[in-house]
**Student:** 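Below you'll find the structure I mean.
In what follows, chains carry the letters A, B, and so on, assigned in the order in which the sequence lines appear, proteins first and then strands, with residues in each chain numbered from 1. Note that the structure is a prediction, hence the values are computed from the model and not measured.
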Amino acid sequence: MKTGITLVGLIDCLRKYTCKCFGIIFFLLSPQPRLNKARLRFSSASPSSPPSNLTFYTRFRQHLGLQQLSLLFTRWVLKVTTLSEQILHLRSLANTRYPGLFHLLQENTQDSIKDGEIKQHFGRKIAIDASMSIYSFLIAVRSEGQQLTSETGETTSHLMGLFYRTLRMVDNGIKPLYVFDGRPPTLKSGELAKRSARKAEATAAHAEAKEVGTAEEVEKFSRRTVRVTKEINDECKRLLTCMGIPYVEAPCEAEAQCAALAKAGKVYAAASDDMDTLCFETPILLKKLMLSEMKKEPVQEIYLDRAMQELGFTRDQFIDLCILLGCDYCDTIPKVGPTTALKLIREHKSIENVLSHLGPKYAVPKKWPYQDARELFKNPLITDPDECEFKWEAPDIDKLVAFLVGEKGFNEDRVRAGAVKLSKNLKGNTQARVNDFFKPVPKTAEELAGLKRKSEEKAAERKKKVKAEKAEKGKGKKGKR
DNA sequence: ACTCTGTCTCAAGACGGG
DNA sequence: TTGAGACAGAGT
DNA sequence: CCCGTCC
């Protein structure tokens, strides 16, 4: 059994003990702290616990090396920590998750999901959750069970994947913007079971007993957990810099930041396979962006406004629906699946009303923080998109070669060939920008009615198909679409 | 019939040669 | 590990 | 399209 504490426990420890650690936590969550208005904005919400002692204040200031440290700033830090804690806590509570939203949209709307080709996105800027990608590279890019490594034994899987995937995107005229998680991904995906949350408490209590050793212990732990990931992240950032591809650091969740950028029109869309991104109000979500070319599967383009229009939902209702379907932050109500959830929201318009009209057959979980989940969707912790500056530049070929070939043992010809593609495609930087402000036109009521009809027809057809397939069972298989 | 749920399974990156 | 599809079984 | 290789 692994010994370990979760971030929840970690933060708890840190809050109780050393002030220096607040700095560490801060850097975990937002590696490039910069005082600006956008960030201070978050201070408006009152922190759950004010910075109680002066020591914290001064030591944190020393740690950051800032001359002035406004109270607002420290409050922002507190806000970050408490929000992260909240998110992680909520996630640890949710154990079942429905993948239902996509299917629900597929079956109940006509126009919100569009299949397309990657080439259609030529010249567009697209925000991508870097941490997700890197994580999947680390898992998938393997040879004989081992990750690819340089001569010195350092892992290079992530660089490999990132390099070639980015190349392919650029080659297709897409301008990727990578968004890094504020939180280290290992903590998120790793040991965050309920069980270990309890353990964390125990660990924290244990730490409380030894007042002295705590800080170092905690620091050691955080290093152990974070270090690899942080290095990997840094390498990826370095690679991106060499390639002339911009990236952004999200204070908390990358998904939320991607959505915010898309919403502000800074990028055309957010690319993710996670439907939760829709709840953060990205106007357009691209699913399976990179699978398309390889496997000849279409890129799925999901329009939030069309989805809401066709469902007849407001944004609040849409979020409530997603919560009922099951999101990262809380469980579902037993016996409420996609169909029932849709019906309930259609009928009662909000979770509050649903709850008050629910029959006794439905047992709402005792601890069901749907309001918190809703709040996280509606007011996620993000950096103001207007404060994010990014541009695509020509690659620094010498640095790129020095890095990948010199340090990591990549094939020089391949890297150089890639660099050529990069500089070729990123040249026309300014002219393509016009395309990015295209947005789907809202539908008129008439069109909507038509769509509804179509959608119903489609649903009927679908059902027939299912039946037909069932009836025809035993014979050969039929390809979809 | 319809819906929800548990369980099982598999793949998960990208490229290029044959 | 996570996510998605297929499928069987239970509840309505 | 399958399958071995990338590092």
Side-chain angles (χ1 to χ4, degrees), chain A residues 2 91 94-104 106-107 118 128-129 131-172 185-193 235-236 239 272-276 287-297 300 324-328 331-344 359-363 403-415 417-418 421 459 463 466-467 469-470 473 477-480:
Chain A
K2 273 189 197 170
R91 284 199 176 172
N95 44 19
T96 59
R97 186 157 180 232
Y98 266 95
L101 180 56
F102 181 71
H103 290 286
L104 193 143
Q106 216 170 27
E107 281 162 29
I118 196 165
I128 297 158
D129 182 342
S131 310
M132 276 294 162
S133 315
I134 293 169
Y135 184 68
S136 68
F137 291 142
L138 287 176
I139 294 204
V141 184
R142 283 160 185 276
S143 183
E144 292 168 24
Q146 298 298 311
Q147 291 172 332
L148 303 181
T149 60
S150 67
E151 285 176 9
T152 53
E154 298 165 81
T155 302
T156 52
S157 297
H158 52 297
L159 298 175
M160 187 78 173
L162 192 62
F163 182 64
Y164 285 115
R165 176 175 286 188
T166 308
L167 268 187
R168 248 181 59 204
M169 279 191 265
V170 170
D171 213 30
N172 280 292
T186 44
L187 282 175
K188 171 185 166 189
S189 57
E191 311 296 315
L192 227 124
E235 278 185 347
C236 290
L239 174 63
S272 169
D273 284 342
D274 190 347
M275 293 298 281
D276 274 6
K287 234 185 146 201
K288 300 187 180 174
L289 179 61
M290 281 303 118
L291 246 65
S292 62
E293 207 183 348
M294 295 293 297
K295 301 199 171 176
K296 293 184 178 176
E297 281 180 34
Q300 289 159 344
L324 282 183
L325 289 176
C327 61
D328 268 355
D331 273 338
T332 56
I333 302 175
K335 305 193 176 189
V336 175
T339 316
T340 319
L342 183 60
K343 204 181 79 190
L344 286 175
K361 63 177 86 168
Y362 297 107
F403 184 29
L404 289 185
V405 180
E407 291 180 39
K408 304 295 177 185
F410 276 54
N411 179 295
E412 177 156 2
D413 293 339
R414 284 191 173 197
V415 173
K421 278 187 187 175
K463 273 179 190 172
V466 171
K467 260 188 192 173
E469 271 173 24
K470 260 187 187 170
K473 224 183 200 174
K477 287 169 196 171
K478 259 206 168 178
K480 283 179 197 173

**Student:** Could you tell me how far D/dC7 sits from B/dG17 if I compare only their P atoms? Round to whole Å.
**Tutor:** 14 Å

**Student:** When you compare D/dT5 with B/dC10, how far apart are their C1' atoms, in angstrom units rounded to a whole number?
**Tutor:** 23 Å

**Student:** Look at A/Lys335 and C/dT12 and indicate whether a side-chain polar atom (N or O) is within less than 4.0 Å of OP1 or OP2.
**Tutor:** yes

**Student:** Could you state the atom-to-atom distance from CG of A/Leu291 to C1' of C/dG3 in whole Å?
**Tutor:**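 After rounding, the gap between these two atoms is 12 Å.
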
**Student:** From the list D/dC7, B/dA14, C/dT12, which nucleotide is the closest neighbour of the side chain of A/Lys361?
**Tutor:**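 For the A/Lys361 side chain, the nearest candidate turns out to be C/dT12.
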
**Student:** Would you mind classifying the nucleic acid contact of A/Arg168 as base, sugar-phosphate or nothing, using non-hydrogen atoms under 4.0 angstrom?
**Tutor:** sugar-phosphate

**Student:** Heavy atoms under 4.0 Å, any strand shown: does A/Thr155 hit a base, just sugar-phosphate, or nothing?
**Tutor:**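 If one applies the 4.0 Å heavy-atom cut-off, A/Thr155 turns out to touch nothing in the nucleic acid.
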
**Student:** Is there a side-chain contact between A/Lys335 and A/Thr340 (heavy atoms, below 4.5 Å)?
**Tutor:** no

**Student:** Taking atom C1' of B/dC15 as reference, at what distance in whole Å does atom CZ of A/Phe163 sit?
**Tutor:**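 Rounded to the whole Å, the gap is 13 Å.
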
**Student:** Rounding to the closest angstrom, what is the interatomic distance between B/dC15 and C/dT1 at atom C1'?
**Tutor:** 26 Å

**Student:** Could you check whether any side-chain N or O of A/Thr332 sits under 3.5 Å from a backbone N or O of A/Leu325, counting only pairs where one atom can act as donor and the other as acceptor?
**Tutor:**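 No, A/Thr332 side chain to A/Leu325 backbone: no donor-acceptor pair under 3.5 Å.
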
**Student:** Would you mind reading off the distance between A/Arg142 atom CZ and B/dG13 atom P, rounded to a whole angstrom?
**Tutor:** 13 Å

**Student:** Write down the distance between CG (A/Asn411) and P (B/dA14), rounded to a whole number of angstrom.
**Tutor:**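 Spelled out: CG on A/Asn411 to P on B/dA14 is 19 Å.
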
**Student:** Reckon A/Thr156 touches a base, only the sugar-phosphate, or nothing at all at heavy-atom distances under 4.0 Å?
**Tutor:** sugar-phosphate

**Student:** Please report the distance, rounded to the nearest Å, between CZ in A/Phe137 and P in D/dC6.
**Tutor:** 19 Å

**Student:** Starting the side chain at C-beta, find the nucleotide from C/dT12, D/dC7, C/dT1 nearest to A/Lys408.
**Tutor:**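 So the nucleotide nearest the side chain must be D/dC7.
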
**Student:** Can you check whether A/Cys327's main-chain N or O pairs, donor with acceptor, with A/Asp276's side chain at less than 3.5 Å?
**Tutor:**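 Not confirmed, A/Asp276 side chain does not pair with A/Cys327 backbone.
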
**Student:** Report the nucleotide, chosen from D/dC7, C/dT12, B/dG13, that has the shortest atom-to-atom distance to any side-chain atom of A/Ala140.
**Tutor:**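 Out of D/dC7, C/dT12, B/dG13, the nucleotide with an atom closest to A/Ala140's side chain is B/dG13.
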
**Student:** Taking only the side-chain nitrogens and oxygens of A/Thr339, find out if one of them lies under 4.0 Å from OP1 or OP2 of B/dC4.
**Tutor:**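 Yes, within the criterion.
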
**Student:** With a 4.0 Å cut-off on heavy atoms, is A/Gly161 in touch with a base, just the backbone sugar-phosphate, or nothing at all?
**Tutor:**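 If one applies the 4.0 Å heavy-atom cut-off, A/Gly161 turns out to touch nothing in the nucleic acid.
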
**Student:** What interatomic distance, in whole Å, is found between P of D/dC1 and the corresponding atom of B/dA12?
**Tutor:** 15 Å

**Student:** Just to confirm, is there a sub-4.0 Å distance from OP1 or OP2 of B/dG13 to any side-chain nitrogen or oxygen of A/Ser157?
**Tutor:**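 Indeed not, no polar side-chain atom of A/Ser157 lies that close.
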
**Student:** Touch check for A/His103, heavy atoms < 4.0 angstrom, all strands: base, sugar-phosphate only, or nothing?
**Tutor:**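 The residue A/His103 makes sugar-phosphate contact but no base contact.
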
**Student:** Nearest whole angstrom, please: distance from the C1' of B/dC15 to the CE of A/Met290.
**Tutor:**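 From A/Met290 CE to B/dC15 C1': 15 Å.
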
**Student:** What's the separation between atom OG in A/Ser157 and atom CG in A/Leu148, rounded to the nearest 0.5 Å?
**Tutor:** 4.5 Å

**Student:** Honestly, is A/Lys408 close enough over A/Phe403, meaning NZ or CZ under 6.0 Å from the six-membered ring centre and within 45° of the axis?
**Tutor:**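 The answer is no, since A/Lys408 fails at least one limit relative to A/Phe403.
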
**Student:** Under 4.0 Å between a side-chain N/O of A/Arg414 and OP1 or OP2 of B/dA14, yes or no?
**Tutor:**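 It does not, given that no N or O in the side chain of A/Arg414 lies less than 4.0 Å from OP1 or OP2 of B/dA14.
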
**Student:** Between D/dC2 and B/dA11, how far is it from one P atom to the other, in whole Å?
**Tutor:** 12 Å

**Student:** Where the side chain of A/Ser136 is defined as all heavy atoms beyond and including C-beta, which of B/dG13, B/dC4, D/dC6 is the nearest nucleotide?
**Tutor:**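 Side chain of A/Ser136 sits closest to B/dG13.
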
**Student:** Rounded to whole Å, please give me the gap between CG in A/Asp413 and P in D/dT5.
**Tutor:**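 After rounding, the reported distance stands at 19 Å.
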
**Student:** Measure the distance from CD on A/Glu297 to C1' on B/dA11 and round it to the nearest whole Å.
**Tutor:**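 These atoms are roughly 12 Å apart.
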
**Student:** Check A/Asp273 with A/Lys287, please: is the shortest side-chain N to carboxylate O separation under 4.0 Å?
**Tutor:**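 A/Asp273 and A/Lys287: not salt-bridged.
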
